[in-house]
2 protein chains.
Amino acid sequence: MVKQEAQREQTASMEDYLEAIANLGEGRKVVRVKQISEMLGVKMPSVTSALKKLSERELVEHERYGHIKLTPEGDKVARDVIRRHKALTRFFAQALGINKETAEEDACKIEHVISSLSMERLVKFVEFIEACPLGSANFPSRYEYYLEHGELPRDCSKRSVRKRK
Amino acid sequence: MVKQEAQREQTASMEDYLEAIANLGEGRKVVRVKQISEMLGVKMPSVTSALKKLSERELVEHERYGHIKLTPEGDKVARDVIRRHKALTRFFAQALGINKETAEEDACKIEHVISSLSMERLVKFVEFIEACPLGSANFPSRYEYYLEHGELPRDCSKRSVRKRK
DNA sequence: TATAATTGTTAGCCGTGTCTAACAATTATG
DNA sequence: CATAATTGTTAGACACGGCTAACAATTATA
């Protein structure tokens, strides 16, 4: 309940814009206001005003009618959001068995609010599930072992897999 | 990324107020504006204006300088938020091993944005972890079994526990 | 290349949810 | 019970992040 958190630098909205720009710009592609607006489901003027704010914050380079590009700092922030996004999607999809669609949607929301501590744990959890996928007796203990030692317990190899179904 | 979600009825802020009122009102205790404001870390005028809006939406009964009480509808919403809150806290604390403090903080944020599908899965996941806590070989398969049948597989009983540590 | 289509920007509005300052009601206490 | 302390409300401001309408620049095409 209590609101006393040590705030993130960026708002959720700003993170969304940075993430979108990073994704659209993959492979040196030119990024357009229109594309951003479609990707985020907002109108173009909203994008323009967001870009203005992000420029002021030196997270984005943008000149009127011109190119849109993340600054190194903006790129750093975007990469971090994307990292959280991917980890959360994997968690919902792989670990919980949620459909990709919903997993993506939830990741989009949660990526802006989750603490870094929980984020790191979730990443480790998914890594554990994926690395030690089937023949893993005694799950929580093994997970604790993994958290503590950073590697899988000896008897967690894929060799001991027994397929079901 | 894409914003096309079918919105919740209430805003995150409204849910916070309802949750706070429900928690403060436990056991017929009188709820005060001051308490709500302290619990949520906002000033009293913010509470007053939130109560006004919640009254209009018929989620709260409130008269000037008078009592504050959830309507049946408001109570229903509050219970649901609290249910999500508790499940998330359990997930972070029990399943991921996060400290209670951080688990609470993250639950507070995520309870407002997670889809009901993911929420239900998370609840089941925690139930599974707690019910099938130690001697559980073949974790993901057993989890799938649990999801599919709604009950633990035969060989998941607490009888087969081997304590570690 | 002139004009049409598209894309982008500006201006200004709105709802949400905070805040402070000033005032009002209630409650406690000398 | 009068007054001080506390609690609650109102009024008005502000930041955020959307939106529409109108206009400007760019790009495509007849």
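Naming convention: chains lettered A, B, ... in sequence-line order (proteins, then strands); numbering from 1 in each chain.
Taking 4.0 Å as the cut-off between side-chain N and carboxylate O, A:E26 and A:R79 count as a salt-bridged pair. A salt bridge does not link A:K76 to A:E58: none of the charged nitrogens lies less than 4.0 Å from a carboxylate oxygen.
Taking side-chain N and O atoms only, B:R64 has a distance below 4.0 Å to OP1 or OP2 of D:dT10. OP1 or OP2 of C:dG17 lies within a sub-4.0 Å distance of a side-chain N or O belonging to B:T11. Between A:T48 and C:dG8 there is no side-chain polar atom (N or O) within less than 4.0 angstrom of OP1 or OP2. Between B:H67 and the phosphate of C:dT26, there is no side-chain N or O to OP1/OP2 separation shorter than 4.0 Å.
Across C:dT18, C:dT9, D:dG17, the shortest atom-to-atom separation from the side chain of A:H62 is found for C:dT9. Picking from D:dG18, D:dG8, C:dT16 the nucleotide with the shortest atom distance to the side chain of A:S46 gives D:dG18.
For B:R57 and A:E63, each mapped to the nucleotide of DNA chain C holding its nearest heavy atom, the one lying further toward the 5' end belongs to A:E63. Taking the nucleotide of DNA chain D with the nearest heavy atom to each of A:Y65 and A:P45, the more 5' of the two is matched to A:P45.
Applying a 4.0 Å cut-off to non-hydrogen atoms, the residues of residues 27-34 of chain B that approach DNA chain D are B:R32, B:V33, B:K34, listed by residue number.
Here A:S49 lies out of heavy-atom contact (under 4.0 Å) with every strand.
Rounded to an integer number of Å, the gap from B:E38 CD to D:dG8 C1' is 13 Å. Between B:I68 atom CD1 and D:dT9 atom C1' there is a gap of 12 Å when expressed in whole angstrom units. Rounded to whole Å, atom C1' of C:dA22 lies 16 Å from atom NZ of B:K43. For B:Y17 and D:dG8, the OH to P distance is 14 Å, given to the nearest whole Å.
B:L88 pairs in a side chain to side chain contact (heavy atoms under 4.5 Å, CB included) with only one of the listed residues (B:K109, B:E111, B:R83), which is B:E111. Evaluated for a side chain to side chain donor-acceptor pair (under 3.5 Å) with A:E19, the options A:R84, A:H112, A:H85 yield exactly one hit, A:H85.
The shortest distance between side-chain heavy atoms of A:L51 and A:I68 falls below 4.5 Å.
Minimum interatomic distance between B:A22 and B:I82 (heavy atoms only, all atoms of both residues): CB-CD1, 3.8 Å.
A chain of hydrophobic side-chain contacts below 4.5 Å, direct or via other Ile, Leu, Val, Met, Phe, Trp or Tyr residues, connects B:L24 to B:M44.
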